[in-house]
Novice: 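Questions regarding the structure given below will be posed in turn.
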Amino acid sequence: MSFIDSRLAFRLMSTSQDEQIQQRKANLEALTALGVPAYPSKFERRDTITTLVDAHSPKSGEALEAERPETVTSGRILAMRSFGKANFLVLSDGRSRLQVYIRQDSMPDLDFRIFKHLDFGDWVGVEGRLFRTKTNELTIWASRLHFLSKCLLPLPEKWHGLTDVETRYRQRYLDLIVNPDSRRVFETRSKVVSAIRSFMTERGYLEVETPMMQAIAGGALARPFVTHHNALDMQLYLRIAPELYLKRLTVGGLERVFEINRNFRNEGISTQHNPEFTMMEFYQAYSDYQDLMVMTEELIATVARQATGSDQITFGDHQISLAAPFARLSLREGARDAASAKLGRAIDPQELRNRESAAAIATALGIEVKPGYGAGKIATEIFERLCEDRLVQPTFVYDFPTEVSPLSKQRPDDPDTVERFELYIGGFEVANAFSELNDPVEQRRRFEDQLKDRASGDLEAHAMDEDYVRALEYGLPPTAGEGLGIDRLVMLLTNSPSIRDVILFPLMRRRAEGD
RNA sequence: GGGCCAGUAGCUCAAUUGGCAGAGCAGCAGACUCUUAAUCUGCGGGUUGAAGGUUCGAUUCCUUCCUGGCUCACCA
């Protein structure tokens, strides 16, 4: 440790913590003095704690006495209780916990001396047989004890655990050690991803990976992160969406593709937004947005059942049914009904189609109308402001204004409206889908509209992507596509109020020193 | 970025109008042959987020800053 490091350590560490570290180091040195390797390279365990608990929990004490099952297992010490000659450890493999009974006359002298130098948090291996104590607790009667690794820092307390959210996010390993619920959230997240993956592959979708670093950040309306490639001396963006690449693949004849991966958007952070977040995006030829509504209902309900065992969930104060079918609500009708109720007068559908009257309604509702807003954008603003957080039960909001959907196909009977829906659950957006615009001439016109917004200062407006237009010129079959927010779906399925609770290492501000 | 709230021992939390900074768990020493938040006895542990200010005296009041939470704005 350098001079500067030790000064830093001195400043960051209180005496209490430093004392406990010194005591733990002393225990490690005592083990070394006994000839015990401080950090052995391997331990051959026969069973995990979880398999032991699962296999033997149903058995009575008598049954275990008859069977006398032997095991070799390992874990982290989460509790120690000593009674002179009778000692107990609680071992955890991260998922399950199992008690170990330690007594001097049941194991080699060296092993018992190892036990004397163990600390709360150490990793150990145990050999022994399973039995039940007088209080009927499934326990390993240890015949051997092996030291595996040291915990040098004091762990959070066993009863209250770790509740400080900042520490839970910054030092997720501590959260996982002491909060079993946190572990469960991430196990559910893993199940959600595998359930989605099998749902898609079973239906003939090909899983692909497209660039995370893109010269043009397209496929969504958002501000990107900027980076740089040295050898090519090239400015690159972290992708805000994989959309344009996935549709290029559909042009190339991959009729059903999906990708589960990260998107990066350089925007605000909130309980529903992390700068990097995970989306499943998929495209399927010969389909439209109506087909995707049906498929999405099935997907959500199936994934919920596979990941949580039920399609009925509790989210905050709400009971939500994820069973199909979901409600359907036209965006303009929703906006009109909500505005009518709020303003106390019946609004005619045409009023939201006309910029002047729509702007008047928005202003009456206290919603700001910026100069660039057309009637479609205004209607969308009204909807988001008045309706969005009321959509707790799954609801498909459909028929978006063309103005806010530069990549979606127009309805044949209504060029101001596109064939698009967003799925809302729990008051926030979970999915966004549309019939893909495949007319290259119209796509170029939409990009040019976006360029005008860009020129007038809209940093989120879409850039021109000549190669994407060229791909469309080769011909994209009728195709529908969708993006599904994995983090938000996991929030719903784990009853997590913040997106940070379902991301292992959410982005945090850098601390000045140390952690 | 705005508003509100919070930061005290390793962890979870107290501290009266501004008057000696405490408890439980964890740690250390000891007792104890089946406990499970074990119990009992004793002990150690603090730059009260940081810097300044007011005051005889600041965890407490004021200012600025740091970090986090909620919320609004933006967004998915």
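Within every chain, numbering begins at 1; the chains are lettered A, B, ... in the order of the sequence lines, protein sequences first and strands thereafter.
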Novice: Okay, side chain of A/R239, backbone of A/R262: is any donor-acceptor separation there less than 3.5 Å?
Specialist: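 Yes; judged by distance alone, with no hydrogens or angles, the pair exists.
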
Novice: If you look at every strand shown and take non-hydrogen atoms under 4.0 Å, does A/R24 touch a base, only sugar-phosphate, or nothing?
Specialist: nothing

Novice: Output the rounded distance in Å from CD1 (A/I140) to C1' (B/U35).
Specialist: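 Computing the A/I140:CD1 to B/U35:C1' distance gives 16 Å.
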
Novice: Has A/F83 got its ring stacked on B/C32, by the test of a centre gap below 5.5 Å and a plane angle below 30°?
Specialist: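 No, A/F83 does not stack on the base of B/C32, since the centre distance and plane angle fail the 5.5 Å and 30° test.
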
Novice: Which is true for A/D164 with a 4.0 Å heavy-atom rule: it touches a base, it touches only sugar-phosphate, or it touches nothing?
Specialist: sugar-phosphate

Novice: Which heavy atom in A/L78 sits nearest to a heavy atom in A/F120, and how many Å separate them?
Specialist: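 Of all heavy-atom pairs spanning A/L78 and A/F120, the closest is O-CE1, 2.8 Å.
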
Novice: B/U12, OP1 or OP2 - any side-chain N/O from A/T163 closer than 4.0 Å?
Specialist: yes

Novice: Between A/R172 and A/L504 (side chain of the first, backbone of the second, donor and acceptor by atom type, cut-off under 3.5 Å), is there such a pair?
Specialist: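 At least one qualifying donor-acceptor pair exists.
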
Novice: Which nucleotide, if any, forms a Watson-Crick or G-U wobble pair with B/A50, using both distances under 3.5 Å?
Specialist: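 The answer is B/U64, by the H-bond criterion.
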
Novice: Could you tell me how far B/A50 sits from B/C66 if I compare only their C1' atoms? Round to whole Å.
Specialist: 7 Å

Novice: For B/C32, does either OP1 or OP2 sit under 4.0 Å from a side-chain N or O belonging to A/R81?
Specialist: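 For A/R81, the contact criterion (side-chain N or O under 4.0 Å from OP1 or OP2 of B/C32) is not met.
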
Novice: Whole-Å distance between B/U33 P and A/N87 CG?
Specialist: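 So the two atoms are 11 Å apart, to the nearest Å.
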
Novice: Using the P atom in both, what is the distance from B/U48 to B/C20, to the nearest Å?
Specialist: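 To the nearest whole Å, 15 Å.
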
Novice: Give me the distance, rounded to whole Å, that separates B/G24 from B/U8 when you measure between the C1' atoms they each carry.
Specialist: 15 Å

Novice: A/T167 or A/F88: which one's nearest nucleotide on RNA chain B is closer to the 5' end?
Specialist: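 The 5'-side residue here is A/T167.
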
Novice: Hey, does A/E422 reach any base, or is it just sugar-phosphate, or nothing, if we go heavy atoms under 4.0 Å?
Specialist: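 No contact.
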
Novice: Under 6.0 Å between the ring centres of A/F434 and A/F421?
Specialist: no

Novice: So does A/S270 get a side-chain nitrogen or oxygen closer than 4.0 Å to the phosphate oxygens (OP1/OP2) of B/U71?
Specialist: no

Novice: Counting distance only, does the side-chain N/O of A/R500 pair as donor-acceptor with the main-chain N or O of A/L507 below 3.5 Å?
Specialist: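 The answer is yes, because a donor-acceptor pair under 3.5 Å joins these two groups.
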
Novice: For nucleotides B/G10 and B/G45, find the distance between their C1' atoms and express it as a whole number of Å.
Specialist: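 Going atom to atom, C1' in each nucleotide, I get 10 Å.
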
Novice: Applying a 4.0 Å non-hydrogen cut-off, can you work out what A/M279 is touching in the nucleic acid: base, sugar-phosphate, or nothing?
Specialist: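 Counting heavy atoms under 4.0 Å across all strands, no contact is made by A/M279.
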
Novice: Nearest to the side chain of A/H160 - B/C34, B/U12, B/U33?
Specialist: B/U12

Novice: Can you tell me how far C1' in B/U41 sits from the matching atom in B/C32, rounded to whole Å?
Specialist: 12 Å

Novice: From the options B/U12, B/G68, B/G10, select the nucleotide whose nearest atom is closest to the side chain of A/R170.
Specialist: B/G68

Novice: Going by atom types only, do A/R81 and A/Q99 share a side-chain donor-acceptor pair under 3.5 Å?
Specialist: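 Per modelled atom types, A/R81 and A/Q99 side chains form a pair under 3.5 Å.
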
Novice: Output yes when at least one side-chain N/O atom of A/R223 is less than 4.0 Å from OP1 or OP2 of B/C74, else no.
Specialist: no

Novice: Hey, which of these two, A/R509 or A/E384, hits RNA chain B nearer its 5' end, going by closest nucleotide?
Specialist: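 Closest to the 5' end, via its nearest nucleotide, is A/R509.
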
Novice: In this structure, how many angstroms lie between the P atom of B/G10 and the CZ atom of A/R168, rounded?
Specialist: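 For the pair A/R168 CZ and B/G10 P, the rounded distance is 21 Å.
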
Novice: Measure from CG on A/N136 to C1' on B/C34 and round the result to the nearest Å.
Specialist: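 Result: 12 Å.
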
Novice: Base, sugar-phosphate or nothing for A/G483? Non-hydrogen atoms, less than 4.0 Å.
Specialist: nothing

Novice: What is the distance, to the nearest angstrom, from the CD1 atom on A/I367 to the C1' atom on B/C72?
Specialist: 15 Å

Novice: What interatomic distance, in whole Å, is found between P of B/A14 and the corresponding atom of B/A6?
Specialist: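 Roughly 11 Å separates the two P atoms.
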
Novice: Which one, B/C34, B/U35, B/A76, comes nearest to the side chain of A/E267?
Specialist: B/A76

Novice: How close or far is atom P of B/U35 from atom CD of A/E137, stated in whole angstroms?
Specialist: 11 Å

Novice: Is there a donor-acceptor pair closer than 3.5 Å between any side-chain N or O of A/S435 and the backbone N or O of A/Y289?
Specialist: yes

Novice: For residues A/R420 and A/S405, is any side-chain donor paired with an opposing acceptor at under 3.5 Å?
Specialist: yes

Novice: If you check every side-chain atom of A/R500, which of B/G68, B/C34, B/G27 has the closest atom?
Specialist: B/G68

Novice: Going by purine N1 to pyrimidine N3 plus the second Watson-Crick contact, or the G-U wobble pair, all under 3.5 Å, which nucleotide sits opposite B/G18?
Specialist: none

Novice: Searching all strands shown, indicate the nucleotide that pairs with B/C28 (Watson-Crick or G-U wobble; both distances under 3.5 Å).
Specialist: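 Partner of B/C28: B/G42.
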
Novice: Can you tell me if A/F277 is stacked onto the base of B/A76, using a 5.5 Å centroid cut-off and an angle below 30°?
Specialist: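 A stacking contact exists, since A/F277 sits close and nearly parallel to the base ring of B/A76.
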
Novice: In the structure shown, which nucleotide is the Watson-Crick or G-U wobble counterpart of B/U59, with both distances under 3.5 Å?
Specialist: none

Novice: Does A/D487 reach the main-chain N or O of A/T278 with its side chain, forming a donor-acceptor pair under 3.5 Å?
Specialist: yes

Novice: Suppose we call a contact any N or O donor and acceptor under 3.5 Å apart; does that hold for the side chain of A/E157 and the base of B/G24?
Specialist: yes

Novice: Quick one: A/K116 NZ to B/G27 C1', roughly how many Å, whole number?
Specialist: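 Rounding to the nearest Å, NZ of A/K116 and C1' of B/G27 are 16 Å apart.
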
Novice: For B/C4, give the paired nucleotide (Watson-Crick: N1-N3 plus N6-O4 or O6-N4; G-U: N1-O2 and O6-N3; both under 3.5 Å), or none.
Specialist: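 Per the H-bond distance test, B/G69.
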
Novice: Find the distance A/W141:CH2 to B/U33:C1' and express it as a whole number of Å.
Specialist: 10 Å

Novice: Quick one: is A/R488 getting a side-chain N or O under 4.0 Å of the B/A76 phosphate, OP1 or OP2?
Specialist: no

Novice: Can you check whether A/R385 has a side-chain N or O nearer than 4.0 Å to OP1 or OP2 of B/C74?
Specialist: no

Novice: Closer than 4.0 Å, any side-chain N/O of A/K158 to the OP1 or OP2 of B/A26?
Specialist: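 Result: yes.
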
Novice: Which value, in whole Å, describes the distance between the C1' atoms of nucleotides B/U71 and B/G57?
Specialist: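 About 39 Å, rounded to a whole number of Å.
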
Novice: With sugar-phosphate meaning primed atoms plus P, OP1 and OP2, does A/Y169 contact a base, only sugar-phosphate, or nothing at under 4.0 Å between heavy atoms?
Specialist: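 A/Y169: backbone/sugar contact only, no base atoms under 4.0 Å.
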
